[in-house]
There are 2 protein chains.
Amino acid sequence: MAVSERGPRERMVFSAAQLIRRDGVASTGMREVAAHAEAPRGSLQHYFPGGKEQLVNEAVGWAGRYAAGRVARFLAALPEPTPGGLFAQMVRQWTDEYESKGFGGGCPVAAATVDRAESAASTREAVSAAFAEWTGAVALALSDMGVPAERARPLATLMISSLEGAILMARAERDVRPLTTVSRELGPLLDSAANATG
Amino acid sequence: MAVSERGPRERMVFSAAQLIRRDGVASTGMREVAAHAEAPRGSLQHYFPGGKEQLVNEAVGWAGRYAAGRVARFLAALPEPTPGGLFAQMVRQWTDEYESKGFGGGCPVAAATVDRAESAASTREAVSAAFAEWTGAVALALSDMGVPAERARPLATLMISSLEGAILMARAERDVRPLTTVSRELGPLLDSAANATG
DNA sequence: CCTGTTCCATGACCGCTGTCATAGTAGCCG
DNA sequence: CGGCTACTATGACAGCGGTCATGGAACAGG
């Protein structure tokens with residue numbers, strides 16, 4: 001799965017994101033990406049003349065778009081949209097993965113931040129853009145649920161921060177407890193913001 | 001600073017933590033650690049016969065102990081200890097660093113998690129222990145401030161998760177905004193838990 | 001003095017990495 | 001067919017990584 005469809009270029013970006021989120025940027029080799037994508041090694045320099053940095057940046061961008069896109073689908077899946085319900089869905093995506101497929105992977109955007117924020121300026125910008133896109137999507141969703149405009153972005157930042165940190169702790173402990181904890185603790189706070197006067 | 005005192009062994013562990021939190025585990029070389037610690041390269045195999053993995057694990061352990069130890073000192077610095085005040089201090093340590101020294105480094109425990117959780121079992125355990133020690137210290141502090149026992153650990157997990165995630169976002173954006181945001185948004189929630197009936 | 005322990009010095013090894021150079025194939029256009 | 005572009009194949013290179021082998025200081029105890 002997750003390999004055959006679409007062109008080799010897109011497959012390589014996708015594979016890069018998968019491998020990065022498991023092993024980090026530095027430990028993920030270009031040859032390994034090509035092999036994982038079942039793409040010819042020679043295509044690397046053809047599609048990514050900017051080298052590894054370009055590939056990583058595109059993988060981060062893909063992850064940001066993916067995360068932002070999920071938000072809308074989470075909303076659609078909620079019978080009665082509430083901020084706490086959205087956050088629970090966001091968290092659940094991770095608990096589901098960890099419980100069904102193990103704790104092998106984290107967030108590729110976080111991995112790129114840790115490994116490249118200081119050493120590659122363009123990657124740091126890509127990571128920043130990914131977080132911004134994701135935060136924007138969540139903030140928009142919050143607004144739609146009645147959260148006052150000036151509270152939407154801060155709460156979105158809080159949601160994503162907590163989720164990212166909980167992912168780290170869950171991977172470390174090999175236990176979804178941190179994820180379920182932040183979901184339960186933050187839910188009421190988020191819901192109460194939806195009914196407050198702006 | 002931070003180099004001359006103490007023995008070479010301890011200096012190398014400390015330097016490893018510093019370099020890891022800036023560049024990640026994989027991008028930090030052993031020779032680089034020795035040079036940064038102004039320690040002889042030959043001492044590496046003497047003090048760390050377990051190789052890089054041992055050095056990384058000790059650096060993570062050091063970071064966990066350091067973070068846990070800070071909690072008590074934060075408490076002592078607060079005229080009127082409250083959960084929100086403690087969290088504000090924890091966040092402030094990072095905003096202070098970022099504003100005075102730039103966004104060069106993140107949390108070494110997070111870096112080790114991202115880079116080694118899947119590839120080195122002993123490092124994953126070290127990271128788990130570090131988070132546990134830190135969480136335990138925060139939970140203990142919360143209990144001392146009147147937070148009901150069964151709420152202390154979940155809230156401590158929430159605090160550390162949010163902080164870790166905010167550190168990531170702040171580094172990515174090169175802006176302390178995510179840090180100040182989570183502090184402001186979470187403060188009231190934390191304080192309200194201190195006065196609740198257990 | 002000899003002996004052992006602790007610590008440091010240095011060079012070599014092998015594997016892997018990203019990148020490049022070069023050449024080859026496929027397919028469309030005219 | 002020639003010519004052009006898109007894509008693939010492969011080998012080499014230079015660099016760096018962690019690790020190991022070997023040997024030399026420094027210094028203690030006997």
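Residue numbers start from 1 in every chain, and the chains themselves are labelled A, B, ... in the order their sequence lines are given, proteins ahead of strands.
Residue A/Ser27 is out of contact with every strand shown, counting any heavy-atom pair closer than 4.0 Å.
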Verify salt bridge (charged side-chain N to carboxylate O under 4.0 Å, His left out) between A/Arg171 and A/Glu164, making sure each step is shown before the conclusion.
-> CA-CA 11 Å; A/Arg171 263 190 104 190; A/Glu164 287 286 358; over 6 Å; no
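The residue among B/Pro8 and B/Arg41 whose nearest nucleotide of DNA chain C lies closer to the 5′ end is B/Pro8. Residues A/Gln45 and B/Ser43 both approach DNA chain C. Their nearest nucleotides, taken by heavy-atom distance, put B/Ser43 toward the 5′ side.
Between B/Arg151 and A/Glu185, at least one side-chain N (NZ, or NE/NH1/NH2) sits under 4.0 Å from a carboxylate O, which counts as a salt bridge. A salt bridge is defined here as a Lys NZ or Arg NE, NH1 or NH2 lying under 4.0 Å from an Asp or Glu carboxylate O, and B/Arg9 with B/Glu58 meets this definition.
Atom-to-atom, CG of B/Leu44 to P of D/dT19 comes out at 10 Å; the value is rounded to the nearest Å. Taking atom CD of residue A/Glu32 and atom P of nucleotide C/dG15, one finds them 18 Å apart after rounding to whole Å. One atom, CE of B/Met12, and another, C1' of C/dC8, lie 10 Å apart when rounded to the nearest Å. Atom pair A/Phe48:CZ and C/dC20:C1' shows a separation of 18 Å (rounding to whole Å applied). Here the P atom of nucleotide C/dC7 and the CD atom of B/Glu38 are 19 Å apart, to the nearest Å. Note: NE2 (A/His46) to P (C/dA26) measures 16 Å, nearest angstrom. B/Met30 has its CE atom 10 Å from the P atom of D/dC20, to the nearest Å. As rounded to whole Å, 15 Å separates atom C1' of D/dG17 from atom CG of B/Asp23.
Listed nucleotides: C/dT19, D/dT8, C/dC8. Nearest to the side chain of A/Pro40: D/dT8. Listed nucleotides: C/dT19, C/dC8, D/dT8. Nearest to the side chain of A/Arg31: C/dT19.
Using the six-membered ring where Trp is involved, A/Tyr66 and A/Trp62 have ring planes that are parallel, under 30° apart on the 30 and 60° scheme.
Phosphate contact (OP1/OP2 of C/dT6, side-chain N/O of B/Tyr47, threshold under 4.0 Å): absent.
For the residue pair A/Thr28 and A/Asp23, no side-chain donor N or O sits within less than 3.5 Å of a side-chain acceptor on the partner.
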